[in-house]
A.B. asks: 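Take a look at this one; I'll ask things after.
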Amino acid sequence: MKNIKKNIIKRLVETNPLQASQIVNLLSPTIGIETLTKDSASSKKVHSKFGGYPELPINFNWPKKDGNKLTFLCQINLEELRIFQNFSTLPKIGMLYFFILTEGLDRYPEQANEFCVVHLQNLHNINTNCYQTDVRVFDETALKFFKYYTLPDYHSFLIRDGNEEIGSVIEDFKEEIYEMINLESDNYNQILGFPQSVQENVAYSWAFEKLGFKSHDLNTVEKDLIKKMESKYVNLLQIDFANSGTNFSEYGGDGVAYFGMHCEDLENGKFENCFLTIQST
């Protein structure tokens, strides 16, 4: 949608004139994800998609946990995101691959080696028939990307410290944004922008894990450390299992998967330092 920010600001001034300037400063450009049917998908081989089989080099070392292969979740062809390069902090070339462990757990994967994010820059020697007979395969759907804007959730560090009133206004106005771009309010598929949490603040969880805290009974100094860390995290990818266009819900129900990275790790290409949080209602 052209001029979406201009339209959002206009609606903000109309509906919330007293808080409009404060909310505008919180808008974060975001890459939305639209799922496509096979009939409308691109005919090119190496494209962004949820599910199916990944397109990988022949000698790719498939990620495992205790001998169990992780399940391929998604691949993002970064060439398709070039139109967003004026605000995107992602690498400009190559492919991002996302894997999670779906077998042998009675909970969502969250620990080391239970998920994996891989960035490959060179796509010239890709095998488009990378079939695996001993791993779970989700239904495939191609992806299309669009620009919109997100706002922090109610529990974000930007809102929770004495700004409860503005938080309530933001939560209501999110529905206005969804309506403007014809996006379902419970569709959480996106890249970058603010994580749209369905429970507690996602960025808080990433920072908590990064700092290695074991208890949520934190003192003031520890809380301040988390607050500073939250602001440094990038929402690398957010997948809504129930609204993915594929059959992810057979595994994850109504859960939403959030892959987050510290901005310095992203800048240095250290995707092994990615964190995964999965929340469900």
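Since we're looking at a predicted model, the values are computed, not measured. What you see below is based on every heavy atom in this structure, not just the backbone, and it leaves out hydrogens, waters and symmetry mates. Each residue takes its place number in the sequence, starting with 1.
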A.B. asks: Using a strict cut-off of less than 4.0 Å between a Lys/Arg side-chain nitrogen and an Asp/Glu carboxylate oxygen, indicate whether Arg136 and Glu103 qualify as a salt bridge.
C.D. replies: yes
A.B. asks: As an exercise, state the distance from CG of Asn77 to CZ of Arg82, rounded to the nearest 0.5 Å.
C.D. replies: 10.0 Å
A.B. asks: Does a salt bridge link Lys174 with Glu179, judged by any charged N lying under 4.0 Å from a carboxylate O?
C.D. replies: no
A.B. asks: Is there a donor-acceptor pair under 3.5 Å between the side chain of Ser280 and the backbone N or O of Asp254?
C.D. replies: no
A.B. asks: Indicate yes or no: does Lys210 engage Asp265 in a salt bridge with an N to O separation below 4.0 Å.
C.D. replies: yes
A.B. asks: Do Ser48 and Glu80 have side-chain atoms, one donor and one acceptor, less than 3.5 Å apart?
C.D. replies: yes
A.B. asks: Output yes when a side-chain donor or acceptor of Thr15 lies under 3.5 Å from a complementary backbone atom of Arg11, and no otherwise.
C.D. replies: yes
A.B. asks: Could you walk me through whether Tyr258 and Val198 pass the side-chain contact (heavy atoms from CB on, under 4.5 Å) check?
C.D. replies: CA-CA 11 Å; Tyr258 308 86; Val198 296; 3.9 Å; yes
A.B. asks: Assess the residue pair Phe98 and Gln75 against the criterion (side-chain contact (heavy atoms from CB on, under 4.5 Å)); give the C-alpha distance rounded to whole Å, side-chain angles, the decisive distance to 0.1 Å, and a yes or no.
C.D. replies: CA-CA 6 Å; Phe98 297 81; Gln75 69 182 36; over 6 Å; no
A.B. asks: Within this structure, what is the CD-CD distance for the pair Gln111 and Glu209, rounded to the nearest 0.5 Å?
C.D. replies: 9.0 Å
A.B. asks: Under a 3.5 Å threshold, yes or no: a donor from one side chain and an acceptor from the other, between Thr150 and Thr30?
C.D. replies: yes
A.B. asks: Return yes if a side-chain donor-acceptor contact under 3.5 Å exists between Tyr108 and Glu114, otherwise no.
C.D. replies: no
A.B. asks: Which atom pair, heavy atoms only, marks the closest approach of Trp206 to Val234?
C.D. replies: CZ3-O, 4.0 Å
